[in-house]
Novice: 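Pasting in a structure now, in structure tokens, and then I'll have a few things to ask.
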Number of protein chains: 2
Amino acid sequence: MPERRSSDDLKEVIRDFRRDQVIDVARRLFGERGTTDVPMDEIAAAAGVARSTVYVYFANREELLRACLKGMHTHLIDAVAEAWEADAGPTQRLARIIEEMLARVDENPAFFRLALVTQGAPSSGAAAVGAELALISLDIARLLRTVVDDGMNSGQFRMIEPDLAVTLIGQQIYGAIAVRAAEPIPGPRAEAAAAAVEFILHGLAA
Amino acid sequence: MPERRSSDDLKEVIRDFRRDQVIDVARRLFGERGTTDVPMDEIAAAAGVARSTVYVYFANREELLRACLKGMHTHLIDAVAEAWEADAGPTQRLARIIEEMLARVDENPAFFRLALVTQGAPSSGAAAVGAELALISLDIARLLRTVVDDGMNSGQFRMIEPDLAVTLIGQQIYGAIAVRAAEPIPGPRAEAAAAAVEFILHGLAA
DNA sequence: CTATTGATCGGACAGAGTGTCCGATCATCT
DNA sequence: AGATGATCGGACACTCTGTCCGATCAATAG
């Protein structure tokens, strides 16, 4: 009985390992050349498996792409959540969220660019893929909402419609990510994050 | 001789008309279902021409897509430039730029979403298409630069690195556009624009 | 040690779309 | 009426997708 169990578990582990192997390769290739321009043949070859085997793990191209995004999602949320505990004030937390997200961009700019690109894209894969990204947005929005509420309660932020505040901050972050992902050689991350926070807090007026 | 000339001109006009006809249809279909999911057959059929005729006007799918973006580009720049003359102060001009851009989004959200999506996308078409969009960004950045310089010179904006200021404003606008393009039923445009301007000027701090 | 099982391979297959090409057709201008 | 040029429509080769299936190989059970 124990043998059987551990044997099954092993298979599971191997299976996941193989799966991740394909996902990693796909994420890299998708990032380099775009989702549409990489044939399944090539992904399979690069991952060292047969094309037909890829279709054992993923029903189709779209599901593979979704799996790529899913991994990034959990990674991002984990990183932000971890940093979350460390800091206390709303300003610090806001700074931390932005810095963590930019860090994620720096980790794999090509694929992050791709993720933004896929966002809201009315293309075949995107209906389902969009759902995956919507989850990320929701998670981030929830965190931002907490920041905004804290900021207003403590009198550090001025009083405006909280939803609007979240939208505005979100827009700024979205833009910052898009810009950074597009930059060939992004400048120092800390400065970029600090500039964004400063701007979000005080704007440009004299 | 004059006949010949006007005859040639007429051909030119007809040619352009046909071309625009295809572009309009393509823009709509691309907006509705994405660039990859609309076969050339369908575009041709919807435009009322043979598929082979489309290939007379456009070398390939990518060139057609680029033509779609090009039209939007000129339209956008014209609209902003026109409004530009009317207003004087940097704040008013900033507001006007944002409002005009959001108006463009409202005109054809589906296609605008698509344009954002294509932005920086490392996909087949996107290398050349990206160039087209880069031009738009450049034009807008130039306008924003003027706004920033005016604002600082007149003491209405605080003094910071102008390039940074342009980037930050650009990020907010980019995000605002993306968010609006993604909304199923966007709220009142004037309010959205006003909120963005207010945010850009004063931020969230108390 | 052998038989079974399950995963993987490799290749064939139909279907769909792309871009090219060319003869047939039609309208227009001479 | 005849020449000219745009358009049509369909055939073509090519590529990619997703499906399928027999062959192969390794680990495991008996």
Side-chain angles (χ1 to χ4, degrees), chain A residues 1-23 25-26 29-30 33-68 123-129, chain B residues 1-23 25-26 29-30 33-68 123-129:
Chain A
M1 212 69 86
E3 274 91 27
R4 175 133 200 84
R5 177 131 200 86
S6 80
S7 172
D8 281 2
D9 285 357
L10 178 61
K11 303 236 180 213
E12 193 87 3
V13 170
I14 290 178
R15 192 185 158 81
D16 282 0
F17 181 80
R18 291 278 216 179
R19 230 183 104 96
D20 288 349
Q21 200 176 356
V22 175
I23 291 176
V25 169
L29 290 178
F30 282 161
R33 312 219 309 272
T35 47
T36 55
D37 274 6
V38 184
M40 297 294 270
D41 300 34
E42 198 176 333
I43 297 172
V49 299
R51 194 169 72 100
S52 52
T53 306
V54 174
Y55 280 98
V56 171
Y57 289 112
F58 308 94
N60 48 39
R61 183 186 205 70
E62 176 190 332
E63 197 173 302
L64 174 55
L65 176 57
R66 199 162 51 217
C68 290
S123 85
S124 66
V129 169
Chain B
M1 213 67 83
E3 274 91 28
R4 176 133 199 80
R5 176 128 201 86
S6 80
S7 171
D8 280 3
D9 285 356
L10 177 61
K11 302 237 180 215
E12 193 87 2
V13 170
I14 290 177
R15 194 184 156 80
D16 283 0
F17 181 80
R18 290 279 215 177
R19 231 184 103 95
D20 288 349
Q21 198 176 358
V22 175
I23 291 175
V25 169
L29 290 178
F30 282 160
R33 312 220 308 272
T35 47
T36 56
D37 274 6
V38 184
M40 296 294 269
D41 301 35
E42 197 177 333
I43 297 172
V49 298
R51 194 169 71 100
S52 52
T53 305
V54 175
Y55 280 98
V56 171
Y57 290 112
F58 308 94
N60 48 40
R61 182 187 208 69
E62 176 191 331
E63 197 173 301
L64 174 55
L65 176 56
R66 198 162 52 217
C68 290
S123 85
S124 66
V129 169

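Please read these numbers as outputs of a predicted model, since none were measured by experiment. Labels below follow one simple rule: chain letters A, B, ... track the order of the sequence lines, proteins then strands, and each chain is numbered from 1.
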Novice: Within the pair B:Tyr57 and D:dT7, is there a side-chain N or O less than 4.0 Å away from OP1 or OP2?
Specialist: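 The answer is yes; a side-chain N or O of B:Tyr57 sits under 4.0 Å from OP1 or OP2.
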
Novice: What residues, two or more places apart in sequence or in another chain, satisfy salt bridge (charged side-chain N to carboxylate O under 4.0 Å, His left out) together with B:Glu42?
Specialist: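 B:Glu42 satisfies salt bridge (charged side-chain N to carboxylate O under 4.0 Å, His left out) with B:Arg33 once adjacent residues are dropped.
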
Novice: B:Glu62 versus B:Leu65: any side-chain heavy-atom pair under 4.5 Å?
Specialist: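 SC-SC contact between B:Glu62 and B:Leu65 ruled out.
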
Novice: Which nucleotide in the set C:dG11, D:dT19, C:dC21 lies at the smallest distance from any side-chain heavy atom of B:Ser52?
Specialist: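 The answer is C:dC21.
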
Novice: Starting at CZ of A:Arg15, measure out to CZ of A:Arg18 and round the result to the nearest 0.5 Å.
Specialist: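 Rounded to the nearest 0.5 Å, the CZ-CZ separation comes out at 11.5 Å.
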
Novice: Any heavy-atom pair between the side chains of B:Met40 and B:Tyr55 that's under 4.5 Å?
Specialist: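 Heavy-atom side-chain distance check passes, below 4.5 Å.
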
Novice: For B:Glu62 and C:dG17, give me the distance from atom CD to atom C1', rounded to whole Å.
Specialist: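 In whole Å, C:dG17 C1' lies 17 Å from B:Glu62 CD.
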
Novice: For a 4.5 angstrom cut-off between non-hydrogen side-chain atoms, does B:Phe30 reach B:Arg61?
Specialist: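 Contact flag for B:Phe30/B:Arg61 side chains = yes.
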
Novice: Should B:Ile23 and B:Asp20 count as side-chain neighbours, where that means a heavy-atom distance under 4.5 Å?
Specialist: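 A side-chain contact exists here, since the closest heavy-atom pair is under 4.5 Å.
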
Novice: Kindly say whether, by distance alone, the side chain of A:Arg51 makes a donor-acceptor pair under 3.5 Å with the base of D:dG18?
Specialist: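 Counting by modelled atom types and ignoring angles, a donor-acceptor contact under 3.5 Å is found here.
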
Novice: In whole Å, I'd like the distance from the CG atom of A:Asp37 to the C1' atom of D:dT15.
Specialist: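 That distance rounds to 12 Å.
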
Novice: Rounded to the Å, how far apart are A:Arg19 CZ and C:dA7 P?
Specialist: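 Going from CZ in A:Arg19 over to P in C:dA7 covers 15 Å.
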
Novice: Please state whether the phosphate of D:dC8, meaning OP1 or OP2, lies under 4.0 angstrom from any side-chain nitrogen or oxygen of B:Thr53.
Specialist: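 B:Thr53 to D:dC8 OP1/OP2: side-chain N or O found under 4.0 Å.
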
Novice: Grab the CZ-P distance between A:Arg61 and C:dA16 for me, whole Å please.
Specialist: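 Going from CZ in A:Arg61 over to P in C:dA16 covers 18 Å.
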
Novice: Using a cut-off of strictly less than 4.0 Å between a heavy atom of the residue and any atom of DNA chain C, enumerate the qualifying residues of residues 40-50 of chain B by number.
Specialist: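 Residues of residues 40-50 of chain B under 4.0 Å from DNA chain C: B:Met40, B:Asp41.
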
Novice: For residues B:Arg19 and B:Phe58, determine if any side-chain heavy atom of one lies less than 4.5 Å from a side-chain heavy atom of the other.
Specialist: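 Counting from C-beta outward, B:Arg19 and B:Phe58 do come under 4.5 Å.
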
Novice: D:dA6, OP1 or OP2 - any side-chain N/O from B:Arg18 closer than 4.0 Å?
Specialist: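 Checking D:dA6 against B:Arg18, no side-chain N or O comes under 4.0 Å of OP1 or OP2.
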
Novice: Whole angstroms only, please: what is the CD-C1' distance between B:Glu63 and C:dT18?
Specialist: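 Taking CD of B:Glu63 and C1' of C:dT18, I get 15 Å after rounding.
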
Novice: Could you state the CG-P distance from A:Leu29 to D:dC16, rounded to the nearest angstrom?
Specialist: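 The distance from CG of A:Leu29 to P of D:dC16 comes to 14 Å, rounded to the nearest Å.
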
Novice: Taking the side chain of A:Tyr55 as heavy atoms from C-beta outward, which of D:dC16, D:dT19, C:dT20 is closest to it?
Specialist: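 When the side chain of A:Tyr55 is considered, D:dT19 is the closest of D:dC16, D:dT19, C:dT20.
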
